[in-house]
Amino acid sequence: MLLDVDIAAKEFLSPDGRKTTVIGGLRFALARGEAGALVGPSGCGKTTLLRIIAGLDADFSGRVSLPRGSRLGMAFQEPRLLPWRSVFDNLKIAAPDASDAEIDALLAGFDLAAHRDEFPGRLSLGLARRAALARALAIHPTLLLLDEPLVSLDAALALELRERIARLIDETHVTTLIVTHDLNEAIALADRIFILTPRPTRVAATLAIATPRGKMTEGRARHYAEEAKAMISRLRAP
Ligand SMILES: Nc1ncnc2c1ncn2[C@@H]1O[C@H](COP(=O)(O)OP(=O)(O)OP(=O)(O)O)[C@@H](O)[C@H]1O
Ligand SMILES: [Mg+2]
C-alpha cells in the first residue's frame with residue numbers, strides 16, 4: 001500500500017472547552033497509482049483528515065503510513081497562492097529544484113503561460129485553482145492530495161478542470177486522494193470511493209468504480225451514482 005490510514009480519534013476543543021470528536025475509527029488504504037475519493041457531508045472532517053495525512057496536524061491518535069521518501073503535493077480548498085509572488089514564482093518557491101523551463105512547461109500544460117508573471121490576486125478562481133494544481137505537481141509528488149478542487153467553479157469550468165485532473169491521473173499514475181462532497185466528481189475521477197459518515201467521521205462503505213476514467217459513459221456514471229446514493233441512505237437509516 002502506498003498510503004495506509006488508521007485514525008482512532010481526532011478531537012477539537014470548542015471555545016467553551018468541550019471536546020468534539022471529529023474523526024473516529026477511520027481507516028482506508030490506497031495502492032500505488034490508485035485514485036481514491038473521500039465523499040462526505042459538509043463539516044464532517046474531510047479537510048481535517050487531509051491535513052493529518054499531509055502531516056500538517058499531528059494531534060490525533062492513530063497512524064498514517066507512507067513509504068519513506070514520499071513527496072506530497074497538496075492543493076488546498078482555497079488556492080492559497082503567495083499573493084506578492086507571480087504565478088511562476090509560486091511554483092518556483094514550491095519546487096526550487098525544478099528548472100525554469102520545466103516550470104514553464106508545467107504552466108503551459110495548464111494553459112497558464114499567459115498568466116506566468118501575474119500576481120494571484122488578479123486571477124479568476126478557475127485560473128488560481130489551476131495554478132495551485134500546477135504548484136502541487138511541480139515537486140513530482142508521489143501522493144497528490146486534492147481538497148475539493150472543483151468547488152465553487154461554474155459548471156463548464158468544473159468539467160474542464162475535472163477532465164484535466166482525470167488525464168493527469170492516467171498519464172502520470174500519481175497516487176491521488178480527492179476530497180469532495182460531489183458524487184459525480186468522485187465517480188469521474190476515482191478508482192474507489194470511500195463514503196464517509198457525518199461527525200465523528202469514518203469510512204462507512206467503499207464503492208469500486210470499475211469503469212476506466214476515459215471510458216465513463218453517462219449511463220455508467222448514473223448507475224454508480226445510484227449505488228452510492230443507496231449506500232448513503234442506508235447510513236441514514238435508523
Ligand atoms: N482548528 C479547529 N478548531 C476547532 N474546530 C475545528 C478546527 N478545524 C475544524 N474544526 C471543526 O471540525 C469539523 C470538521 O471540519 P473540516 O473543515 O475538516 O470539515 P470538512 O468536511 O472539510 O467541511 P467542508 O465540506 O465544509 O469543507 C467542523 O465542525 C469544524 O468546525
Ligand atoms: Mg473542507
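Indexing begins at 1, ligand by ligand and atom by atom, following the structure's order. As the structure is a prediction and not an experimental result, all values here were calculated from the model.
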Under 3.5 Å between some N or O of ligand 1 and some N or O of C44? yes

Identity and distance of the protein heavy atom lying nearest atom 20 (P) of ligand 1: K46 N, 3.5 Å

If the cut-off is 4.0 Å to any non-hydrogen atom of Q77, which atoms of ligand 1 fall inside it? 27 (O)

For R199, counting its heavy atoms only, list the atoms of ligand 1 lying under 4.0 Å from any of them. 28 (C), 29 (O)

Would M231 and L207 satisfy side-chain contact (heavy atoms from CB on, under 4.5 Å), going step by step from the backbone distance to the final call? CA-CA 9 Å; M231 286 173 166; L207 177 64; 4.0 Å; yes

Could you check atom 19 (O) of ligand 1 against the protein and tell me its nearest heavy-atom contact, residue, atom and distance included? G45 N, 3.3 Å

Pairing of D191 and R213 as salt bridge, 4.0 angstrom limit: yes

Short question: side chain of T21, backbone of I23 - any donor-acceptor pair under 3.5 Å? no

Does the N or O separation between F12 and ligand 1 drop below 3.5 Å for any pair? no

With a 4.0 Å cut-off on heavy atoms, is G43 in contact with ligand 1? yes

Identify whether NZ of Lys or CZ of Arg in R122 sits under 6.0 Å from the centre of the six-membered ring of F119 and within 45° of that ring's axis. no

Determine whether any heavy atom of E148 lies closer than 4.0 Å to an atom of ligand 1. yes

Hey, does the side chain of S70 reach the backbone of L66 with a donor-acceptor pair shorter than 3.5 angstrom? no

Ligand 1 versus V22: contacting region, heavy-atom distance under 4.0 Å: side chain

Does a donor on one side chain sit under 3.5 Å from an acceptor on the other, for D117 and S86? no

Any protein heavy atom under 4.0 Å from atom 27 (O) of ligand 1? yes

Do D104 and R116 sit within salt-bridge range, that is, some charged N less than 4.0 Å from a carboxylate O? yes

Electrostatic pair R164-E160, nearest N-O below 4.0 angstrom: yes

Any side-chain donor near an acceptor of the partner, E102 and H140, under 3.5 Å: yes

For atom 18 (O) of ligand 1, what is the closest protein heavy atom, and at what distance to 0.1 Å? T48 OG1, 2.5 Å

For T20 and E11, which I'm curious about, is there any donor-acceptor pair between the side chains at under 3.5 Å? no

Heavy-atom nearest neighbour in the protein, as seen from atom 17 (O) of ligand 1, with distance rounded to 0.1 Å: T47 CB, 3.8 Å

Closer than 4.0 Å and a protein heavy atom, does any atom meet both conditions relative to atom 4 (C) of ligand 1? yes

Look at the side chain of D6 and the backbone N and O of G62, then say whether any donor-acceptor pair between them is shorter than 3.5 Å. no

Quick check: does H181 get an N/O under 3.5 Å from an N/O on ligand 1? no

Does NZ or CZ of R130 fall inside the cone over F110's six-membered ring, less than 6.0 Å from its centre and within 45° of the axis? no

Pairs involving residues 81-99, ordered by first then second residue, that meet salt bridge (charged side-chain N to carboxylate O under 4.0 Å, His left out) (sequence neighbours left out): K92-D100

Could you pull out the N/O/S protein atoms under 2.8 Å of the Mg ion (ligand 2), ignoring any water? T47 OG1, Q77 OE1

